[in-house]
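Step one of this worksheet: look at the structure below.
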There are 2 protein chains.
Amino acid sequence: MASYTEENYLKALYNLANPQGEVSISDLANSLNVSMPTANSMVKGLQKSDLVLYEKYKPVTLTPKGKKEAALVVRKHRLTEMFLVKKMGFGWEEVHEVAEQIEHIHAPKFFERMDEMLGHPTIDPHGSPIPDNQGRMQEFSYVPLSTCKPGQSVQLTALTNSSTEFLEFLNSRKLALGTELRILSREAYDLSVVVSYDSHAQETLSEKVSERLLVRILE
Amino acid sequence: MASYTEENYLKALYNLANPQGEVSISDLANSLNVSMPTANSMVKGLQKSDLVLYEKYKPVTLTPKGKKEAALVVRKHRLTEMFLVKKMGFGWEEVHEVAEQIEHIHAPKFFERMDEMLGHPTIDPHGSPIPDNQGRMQEFSYVPLSTCKPGQSVQLTALTNSSTEFLEFLNSRKLALGTELRILSREAYDLSVVVSYDSHAQETLSEKVSERLLVRILE
DNA sequence: CAAATTTGTTAGAATGATCTAACATATTAC
DNA sequence: GTAATATGTTAGATCATTCTAACAAATTTG
Ligand SMILES: [Mn+2]
Ligand SMILES: [Mn+2]
Ligand SMILES: [Mn+2]
Ligand SMILES: [Mn+2]
């Protein structure tokens, strides 16, 4: 069984994988705030347990076994976040750090019960999909708000970044998942986007913000 | 901050302490399923962090700081067990192992929220007191059923053992906290006790069982 | 109280996870 | 296509937690 630390490596590999499933040692090390030699040596260990494929100087890839284990940790993380928000009254900006710990609890019934109580949710409080209990995750095809055109109506469905700071920024603008936005214009100079929603007649979102907001196009 | 392992040592010391607050290395090692040299070396580490008092060949004692830290871990354990039973529908026999893990989560708000949702409970599902958020624990003066006399009426209030097997045995006899028992007789030969309660007109409890049941005397 | 037993300590080693310093390979820029 | 830069690896060390084997102190027993 993977250790606490190994689970964090698997999850990082899962989240960092490019379309070919590859992750560089430097990205891995960076994401986990460890040195490259540390990441390198851990990867060798994961390889011994058949959780990753790895050759010197090549990027790392999860094996099917590793990918499933990773997805199941992600499942625990996202179910936990959903539970904290829906059943314990936490804000979406306060749940990530706790979930980062609770995802390592070994107690299948605990998470099954959360899942039941939540009615088998398919997305977490930040709009990210929750893998099923076999580790399968559905794909959504949402687009960043930054790629939308003036005149379009869209619905905020997910985020590409869920840092506390970003979530607090969204709170301050009363932007939540489900919010419907109309794109009024786009500033060519700084790529900021002007939108209206709810009682906000006009709100300007910087490029940095708009590229982190994933939306479903309504019309 | 104490590590996961250190927290388990502190908790064991807290639970094993005799009236003078002392714990032998062998009891500590035994309780944690580690060798005596391991316990010995960990105790030296705890001493460096001012969590225990210790001299070669003498029993170990928690410092006030160590005792408080231990009590706060016990608090998290017991709040968790209560939450699992009252808010998530688990049986009292299934919560200890999960709580053993969740007690190490570092997230004050998570446990504060549990406490609130539970209405600031003072006992856990097995009748053990929950220390307050300063680590203070109230003393109860319950007596083992085995010390009671025939003719007495008592109420089951706590347990001195909370193993899954024992709890399942109690479930099978429909014995729960709060059950009122009348002591019908006591067998001199094997010290078993015959009691009646609810719809059970006559139930024989072995000495092993009756000394693990803590009761409050009603009359 | 001396012997036997139990309890506790030291020494030495292993494993997992981490680091820094030094070196090697790969990629990018000129 | 070499030089500079970025990326990756090896070596060697540290720290926490654990072990077994050997020895030492304390306690119990006859
Ligand atoms: Mn998260
Ligand atoms: Mn984590
Ligand atoms: Mn317990
Ligand atoms: Mn524990």
Q. Using a heavy-atom cut-off of 4.0 Å to chain A, what are the terminal contacting nucleotides of DNA chain C, in 5' to 3' order?
A. C:dA17 to C:dT25
Q.
What residues from residues 41-50 of chain B pass a heavy-atom cutoff of under 4.0 Å to DNA chain D?
A. B:Ser41, B:Met42
Q) So B:Lys109 and B:Glu112, salt bridge (charged side-chain N to carboxylate O under 4.0 Å, His left out) or not? Walk me through it. A) CA-CA 5 Å; B:Lys109 290 188 74 173; B:Glu112 276 165 27; over 6 Å; no
**Q.** Short side-chain donor-acceptor distance under 3.5 Å, A:Glu81 and A:His126
**A.** yes
Q. Can a donor-acceptor pair be found between the side chains of B:Asp132 and B:His120 at a distance below 3.5 Å?
A. no
Using OP1 and OP2 only, check whether a side-chain N or O of [X] sits under 4.0 Å from [N].
| X | N | value |
| --- | --- | --- |
| B:Ser35 | D:dC19 | yes |
| B:Tyr9 | D:dA16 | no |
| B:Thr5 | D:dA16 | no |

Q. Which heavy atom of B:His104 sits nearest a heavy atom of B:Lys76, and at what distance?
A. C-NZ, 4.4 Å
Rounded to the Å, how far apart are [X] [atom1] and [N] [atom2]?
| X | N | atom1 | atom2 | value |
| --- | --- | --- | --- | --- |
| B:Leu10 | D:dT17 | CG | C1' | 15 Å |
| A:Tyr57 | D:dA6 | OH | P | 17 Å |
| A:Lys58 | D:dG8 | NZ | P | 13 Å |
| B:Lys56 | D:dC23 | NZ | C1' | 12 Å |

Q | Note: A:Glu103-A:Arg75 ion pair, threshold 4.0 Å (strictly below) | A | no
What side-chain donor-acceptor pairs closer than 3.5 Å can you find for residues 52-62 of chain A, not counting sequence neighbours?
| residue | atom | partner | partner atom | Å |
| --- | --- | --- | --- | --- |
| A:Tyr54 | OH | A:Asn40 | ND2 | 3.1 |

**Q.** Ring centre gap for A:His77 and A:His96 strictly below 6.0 Å
**A.** yes
Q) More 5' along DNA chain C: A:Met36 or A:Glu6, using each one's nearest nucleotide? A) A:Glu6
Q) If you find the nucleotide of DNA chain C closest to B:Tyr54 and the one closest to A:Tyr4, which residue's nucleotide is nearer the 5' end? A) B:Tyr54
(Q) Test your reading of the model: is there a side-chain donor-acceptor pair from A:Arg78 to the backbone of A:Pro129, 3.5 Å cut-off? (A) yes
Q: Could you tell me whether B:Ser26 contacts a base, only the sugar-phosphate backbone, or nothing, with contacts defined as non-hydrogen atoms closer than 4.0 Å?
A: sugar-phosphate
(Q) Does A:Lys65, at its NZ atom, have more than 12 non-hydrogen atoms belonging to other residues, nucleotides or ligands within less than 6.0 Å? (A) yes
